[in-house]
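Quick note on labels: first sequence line is chain A, next is B, and so on, each numbered from 1.
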Amino acid sequence: MESSIFKFIWRYSRKEQLILLFVTLLSFPLLYFSLDLPKTIINEAIGGKDFPKVYFGIELGQIEFLLTLCGMFLLLVLVNGGFKLWINIYRGSMGERMLRRLRYILFGRILRFPMSQFAKISQGEIISMISAEVEPLGGYIGEAISLPIFQGGTLLTILAFIMIQDPFLGIAAIALYPVQMYLIPKLQKKVNLLGKQRVQTARRLSERISESVSGIQDVHTNDTSAFELANISDWLGQIFDIRYEIYRRKFFIKFLNNFIAQLTPFFFYSLGGVLVIKGNLSFGSLVAVIAAYKDLADPWKELLKNYQTAMDAKIKYEQLVEQFHPEGMLDEDLQRDPPAELPVLEGEFEASNVVVEDDTGFKLLDGLSARLPLRGTTAVLGAVDSGRDELIRLLVRLIFPQSGKIRLGGMDAGSLHEAVIGRNMSYVDHSAYVFGGSIRDNLYYGMKHRPVAEREYEDEEAARRRHFIAEARGSGNSSHDIHAEWVDFSRFDQGAGGIKQQTLQALEITGLDEDIHEFGLKAHLDPVANPEMTGRIMEARKLLKTRLLEPEMAALVEPFDKERFNDNMTVGENILMGRLVSDAFDFDQLSTDPYMLSILERSSMNNWFLETGLKVAETMVELFKDLPPGHEFFARFSFIDAAELPEYQLIIRKAAAGLETLDAEEQARLRGLPFLLSPARHRLDFVDDEIRQKILICRRNFAGHLPENLENAIEFYDENTYSATASVRDNILFGKIAHGRAKARRKVGRLIRDIVEKLELTGTIMDLGMDMAVGVAGGRLSAAQRQKLCLARALIKNAPILVLNNPLSAHAPVSQEKIMRAIIAHNEDRGLIWVLNRDEDAGFFENMIVMKHGRVTRAGKVAEITSQNAKGTKK
Amino acid sequence: MNLEKTARRLKSIPLFANMEPSKLKLLAFASDQLTFEDGEEVCHMGDPADSAYFIEDGAVDVIIEQDGKSIRVNELGANTVFGAMGLFLNSGRSATITAKGRLTVMKIDGDIFLKMVTENPGAALGIMQSLSEKIATTSAQIARGAFSGKS
């Protein structure tokens with residue numbers, strides 16, 4: 001990376017800067033002419049005599065001459081404006097290209113940072129540097145050369161014009177420039193230092209904010225929000241002070257500039273006035289000179305501003321370079337353009353006399369010499385601080401030793417291209433990362449080395465792609481198409497079939513298949529876009545209905561039936577008999593909804609809701625009145641919030657004098673409670689058969705008289721229609737799982753799985769599950785699921801060597817062992833190196849290596865070591 | 001069975017005899033009523049104990065699994081509570097329980113059961129009495145077993 005911003009600009013935008021310069025210079029004669037023209041108009045056209053005059057061979061009267069000159073003036077204004085427009089756009093695009101290049105270079109360097117750097121520099125700082133800090137640099141780069149030349153040139157042109165009119169006035173106009181040129185840099189120096197401080201403090205602030213966000217859980221549970229706020233306040237205070245100081249100084253510089261600039265007109269009016277009066281200067285010249293001076297002020301101001309910006313940019317750039325030049329960065333050639341033939345790593349990993357230190361100089365590996373076979377299964381044992389993690393990280397070349405030699409398959413590890421490591425090894429540790437996107441994106445992430453096939457584009461898209469390539473190359477960016485096919489399917493045995501098989505196998509080994517099946521069942525499908533798939537899910541619905549008729553399955557599910565009351569649904573759900581799909585209806589506010597009220601009235605159920613509401617309220621008060629307000633039973637079981645309980649007690653007391661004594665709001669409150677009753681769940685005998693029938697009447701009335709504005713608010717359950725708003729599982733189920741049947745949920749789950757398999761829908765469901773978005777850093781998955789996903793990703797990559805560093809830490813020992821056995825069983829002739837947390841698991845492996853205090857204490861065949869140990873104990 | 005009736009039934013057994021009726025109603029309200037068909041397993045020996053059961057209707061077989069064999073050791077009828085001990089010990093189920101004929105139970109979630117007991121002194125007393133009885137019965141059984149072993 002270039003050490004100064006000017007070198008950076010010169011190296012990457014030399015050609016563009018020169019073009020800009022050329023066009024800028026081209027514009028000056030016209031500028032000069034446009035300054036001179038007003039003088040001609042005033043002196044020769046307005047104040048001139050002896051007309052008609054011959055001009056360029058044409059005879060013109062005074063008015064015609066004036067209008068011709070004015071027309072030329074207008075034309076010059078247009079041409080000058082056109083030049084400015086072109087220059088500005090060219091400058092802007094060049095600046096943006098350079099900004100793009102700079103950001104790309106910085107990001108590229110992050111990808112080559114030594115791992116230890118990430119302990120020193122926070123994510124917040126990096127983000128702030130690449131996004132916010134470089135932003136103003138782009139603007140500056142665009143104008144770095146052309147602006148001073150343009151403004152300087154303009155200044156000189158105007159100055160030349162003034163000088164030609166009157167050298168004395170010319171000198172007067174610039175008499176104070178030397179003063180400014182001496183003072184400003186002196187004052188600016190301090191501002192620059194403050195600018196440097198501001199950049200550093202802003203970085204700290206980003207770091208603090210990102211820390212608070214990452215540790216939000218601990219902020220809540222430790223009640224440290226006040227501490228965090230005070231901390232941020234402290235940083236904001238520091239930034240305020242720095243910025244305030246910058247403002248003070250900047251505005252003082254501005255004040256000084258303005259004052260000096262206003263001194264010059266003083267000379268014009270006084271000296272120029274005297275000259276005109278004495279007849280040594282024409283009046284027109286003085287006016288033109290004063291007009292020209294006005295024009296002079298602008299470029300001069302711009303030049304001074306440009307100087308300040310340049311200084312600011314210089315500091316920002318230097319500070320970026322400082323941060324992006326850590327010691328021990330990966331050589332760029334080891335990441336760029338991989339060799340066409342990648343060697344297969346076989347044989348051994350050899351470390352001789354290796355020293356790895358942490359940043360305090362403590363030796364994590366101290367003269368380690370070790371050999372580790374790259375085929376077969378090897379267990380790595382040792383305590384957390386034994387150096388086992390460093391050994392493994394050396395193996396997958398995440399770290400480099402401070403001294404000593406590392407050889408992989410007989411080759412010097414340090415000189416291997418990253419592609420050799422990346423394609424020969426899969427590595428997973430307990431902190432392996434899940435990227436945003438879908439599960440599928442994550443499963444195939446390990447195979448996205450380079451695009452394998454270009455994507456075909458047509459018409460407008462093709463043009464857009466060509467534009468992208470041209471621009472990317474123009475700013476030294478990657479022109480790879482992110483939308484192309486990146487997954488190298490040819491690495492699988494039988495093309496598409498192979499990948500499917502291999503993926504399913506990896507999911508099965510890690511046990512992620514069940515999770516994905518579950519995600520698939522929870523997914524939503526659009527029947528318009530997927531008519532075939534939803535058609536088959538409807539078949540599953542029919543099959544489930546038949547299977548539920550079998551004696552052992554009977555009554556596990558109570559299907560949605562328009563003609564029957566559903567005991568496993570609430571009264572409210574029974575009336576709706578459909579899914580609310582818009583905000584027009586709020587299920588919690590059914591009792592106050594005017595349409596619902598009209599339905600209760602029409603079905604003569606108003607009184608029942610009121611009376612039953614009172615009974616429910618009485619029961620709730622009886623059951624919950626003795627519990628303290630925050631008791632968890634309220635949230636879990638009560639129809640009434642703890643806070644509302646006293647209000648209901650009042651209503652009950654008031655109702656003793658008759659329900660009609662209650663006001664509308666109190667009645668609405670009572671009326672709302674029976675909507676929540678579910679006969680199968682609540683042991684309250686408030687819903688008998690007669691009421692069931694009456695609620696069916698409510699249901700019919702509700703559906704039958706739905707006003708136009710609510711027609712799209714509810715999707716009625718229909719046995720023959722796939723519902724886009726329900727999950728795949730709910731579409732298959734088409735009913736409610738019975739509340740009182742033992743283990744109904746599990747049995748129905750198994751039944752659905754059977755049916756899905758029988759109808760050969762498993763693949764479809766798995767596909768849907770794999771499309772599930774995992775959220776930021778896999779936040780929608782549990783820690784155990786994330787680990788299984790990372791492990792499955794490593795298995796799918798199918799590299800010759802699989803290196804696992806305690807990859808299942810979030811799993812129970814039983815599940816860890818199950819997955820470990822499955823991976824070993826499917827290992828075939830690959831290399832499997834596993835850092836174990838439990839020594840007893842070593843028995844599953846062929847070889848083992850034991851670490852202690854940064855050295856290997858034992859290594860060899862597991863069988864031999866255990867038999868030696870056994871002998872040792874016998875002695 | 002409705003809340004009122006269930007609460008009365010609960011009150012009739014020693015375990016809950018000292019609890020207020022409104023608390024027993026709450027317990028019934030917060031619990032699930034489940035039905036099992038004949039022979040269906042309610043819980044399995046060794047499984048984590050996450051709930052206690054009150055037999056409302058029907059009976060269950062208590063089965064111990066030993067050396068691959070299932071030995072029926074007891075039968076429990078209506079108005080009995082089982083599965084509570086595992087909750088206190090936070091251990092696995094000490095026996096397998098299967099429905100004998102059609103069975104209706106009240107399934108009390110472990111956390112609800114423990115909350116009820118810790119928040120109601122009356123319940124704690126009931127538990128102590130019922131566990132003491134259980135120890136006495138078990139001791140008697142062991143004693144009988146010892147004698148029969150000698151003969």
> Within a reach of under 6.0 Å around CZ of A/R564, are more than 12 heavy atoms found that belong to other residues, nucleotides or ligands?
Replying inline: no
> Side chain, backbone, both or neither: which part of B/N120 has a non-hydrogen atom closer than 4.5 Å to chain A?
Replying inline: neither
> Contact part of B/I112 toward chain A, heavy-atom cut-off under 4.5 Å: side chain, backbone, both or neither?
Replying inline: both
> Based on non-hydrogen pairs under 4.5 Å, which of B/K23, B/E4, B/E119 is most in contact with chain A?
Replying inline: B/E119
>> Rounded to the nearest 0.5 Å, what separates atom CG in A/L627 from atom CG in B/L26?
In response: 6.0 Å
> Taking all non-hydrogen atoms of both residues, which atom of A/D626 and which atom of B/S22 are closest, and how far apart?
Replying inline: OD2-OG, 4.2 Å
> Which answer fits A/H631, side chain, backbone, both or neither, if we ask what part of it has an atom under 4.5 Å from a heavy atom of chain B?
Replying inline: side chain
>> Are B/K25 and A/R683 packed together at the side-chain level, in the sense that at least one heavy-atom pair is separated by less than 4.5 angstrom?
In response: no
> Within a radius of less than 6.0 Å around CE of B/M85, do more than 12 heavy atoms belonging to other residues, nucleotides or ligands occur?
Replying inline: no
>> Closer than 3.5 angstrom, by distance alone: can the side chain of A/K743 be matched with the main-chain N or O of B/E41 as a donor-acceptor pair?
In response: yes
> Just wondering, are more than 12 heavy atoms of other shown residues or ligands nearer than 6.0 Å to CD in A/E840?
Replying inline: yes
>> Counting neighbours of NZ on A/K694 that are heavy atoms of other residues, nucleotides or ligands and sit closer than 6.0 Å, is the number greater than 12?
In response: no
>> Using 0.5 Å steps for rounding, measure from the OG1 atom of B/T35 to the CZ atom of A/R741.
In response: 4.0 Å
>> Can you confirm whether A/K747 is buried at NZ, in the sense that more than 12 heavy atoms of other residues, nucleotides or ligands lie under 6.0 Å from that atom?
In response: yes
> Do other residues, nucleotides or ligands put more than 12 heavy atoms under 6.0 Å from A/E550 CD?
Replying inline: yes
> Heavy atoms under 4.5 Å from chain B: which residues of residues 636-653 of chain A carry them?
Replying inline: A/R636, A/F637, A/F639
> Considering residues, nucleotides and ligands other than A/K758, do more than 12 of their heavy atoms fall under 6.0 Å from its NZ?
Replying inline: no
>> What part of B/K115 gets within 4.5 angstrom of chain A, counting heavy atoms only: side chain, backbone, both, or neither?
In response: side chain
> Is it the backbone or the side chain of B/E20 that comes under 4.5 Å from a heavy atom of chain A, or both, or neither?
Replying inline: side chain
